[in-house]
Amino acid sequence: MMFNEAAGKEDVVHLSIGQPDFDTPAPVIEAMVQALHEGKTRYALDSGVPEFREAIGGYYERTQGIQVHPEEVLVTDGAVEAITLTLQAFISPGDEVILLEPAFVVYAPFIQMIGGVPVSVVTRVEDGYIPDPGEVEAAVTPRTRMILVNSPCNPTGSTYPVQVLRELAAVARRHGLLLGSDEVYEQLVYDQEGNYPSMLTLEPDRDRLFVFHSLSKTYAMTGIRVGWVVTGHSNWRLLQKLHTFTTTVANTPGQWAGIEALTGDQSFISPMVSEYRERRNLALDLLQDIPHLSSYTPGGAFYIFPRYDLDLDADTFCLRLLEEARVCCIPGTGFGDSCRRAFRISYAVGPDTIREGLRRIRQWLTRF
Ligand SMILES: Cc1ncc(COP(=O)(O)O)c(C=O)c1O
């Protein structure tokens with residue numbers, strides 16, 4: 001049965017949104033408008049506006065205390081382009097890429113599209129979806145080429161302890177593997193003192209490391225499409241060629257906005273992170289003791305990924321949740337085979353929406 005969204009639209013509570021509900025900071029918008037007025041509307045250098053690449057280096061120096069040279073930074077059309085370029089450039093048909101499941105929806109299908117083999121190491125709700133590096137090492141075969149890590153994670157929000165990140169890097173190093181680290185939620189971390197470490201601080205060999213990041217989440221700029229990859233310069237040259245022959249160049253005025261984002265006033269970040277933390281705590285409180293659900297405490301991003309014990313696949317579960325309770329969540333299906341009894345809740349919405357959505361979910365699940 002198809003859900004008639006138009007008929008009940010005003011009554012649907014959306015807990016499905018995968019992007020910030022905060023506004024893009026006003027100075028960032030002003031910088032972009034100014035860039036447009038100044039005629040910065042043409043192709044930039046294919047590797048990125050030099051001042052923006054400098055600003056990305058400055059960002060890592062300020063937040064992580066490490067040096068990143070502009071020659072190690074390629075500016076892309078969001079983090080997704082950074083990830084897919086890297087996979088296209090370095091994964092050959094038959095190569096295995098280890099993913100930690102549940103995994104962001106882009107990874108496995110894209111690896112398959114280019115003839116690679118995604119190999120999932122499943123993480124469990126009872127462990128807060130934190131991986132066991134020993135299980136990751138056990139999944140390494142002679143065909144393994146890369147381990148792809150995403151912490152804080154979409155869809156679980158799980159934020160790996162530093163020691164786990166360190167051990168994952170060590171597994172990659174011991175086996176001479178490439179290591180990809182998707183860090184788009186790096187600043188949205190709730191239980192950690194100080195800055196959450198980038199893999200750049202844990203793995204010194206940038207010839208094996210690819211760090212993916214973007215302006216999308218911290219600066220609420222998902223539609224502007226500006227991201228980057230940091231890697232050793234020899235990898236960079238290959239990525240730059242592929243980028244030139246496919247995308248050509250990332251959004252030029254968006255990169256000028258990015259300079260303001262990374263070098264301008266950062267004082268909005270801390271209250272924004274506090275608000276996400278409060279929303280997470282509210283959602284976790286309201287999830288407690290809802291029948292049929294198992295939850296955990298996610299440490300970052302803006303997602304919770306509960307499991308349920310009903311005999312319903314995730315697509316049916318979410319469709320019925322939408323039709324019968326008028327709450328829209330994302331079924332686990334797209335995040336891996338182990339996620340057929342799970343769904344994603346996003347708290348990138350205000351507290352009233354969280355309260356009403358979870359009230360409805362509780363009421364609905366109580367009927368089973
Ligand atoms: C884990 C993860 N990586 C990458 C992206 C895409 O980021 P961008 O907008 O920079 O392409 C998302 C967006 O939801 C994400 O959740």
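Note that ligands are numbered from 1 as they come in the structure, with each ligand's atoms numbered from 1 the same way.
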(request) Take Glu167 and Gln163, measure what side chain to side chain donor-acceptor pair (under 3.5 Å) needs, and give me the verdict at the end. (result) CA-CA 6 Å; Glu167 286 175 31; Gln163 187 52 26; 3.1 Å; yes

(message) Does Glu71 form a side chain to side chain donor-acceptor pair (under 3.5 Å) with Trp236? I'd like the steps, not just the answer.
(response) CA-CA 8 Å; Glu71 298 250 302; Trp236 180 97; over 6 Å; no

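Using a heavy-atom distance under 4.0 Å as the criterion, the protein contacts of ligand 1 are Gly78, Ala79, Val80, Phe104, Asn150, Asn154, Asp182, Val184, Tyr185, Ser214, Ser216, Lys217, Arg225.
Taking the centre of each ring, Phe305 and Phe343 stay at or above the 6.0 Å mark.
A salt bridge is defined here as a Lys NZ or Arg NE, NH1 or NH2 lying under 4.0 Å from an Asp or Glu carboxylate O, and Lys241 with Asp46 fails to meet this definition. Ion pairing between a basic and an acidic side chain is recognised when a charged N comes within 4.0 Å of a carboxylate O; Asp285 and Arg355 show no such pairing. With salt bridges taken as basic N to acidic carboxylate O contacts below 4.0 Å, none links Lys217 and Glu183.
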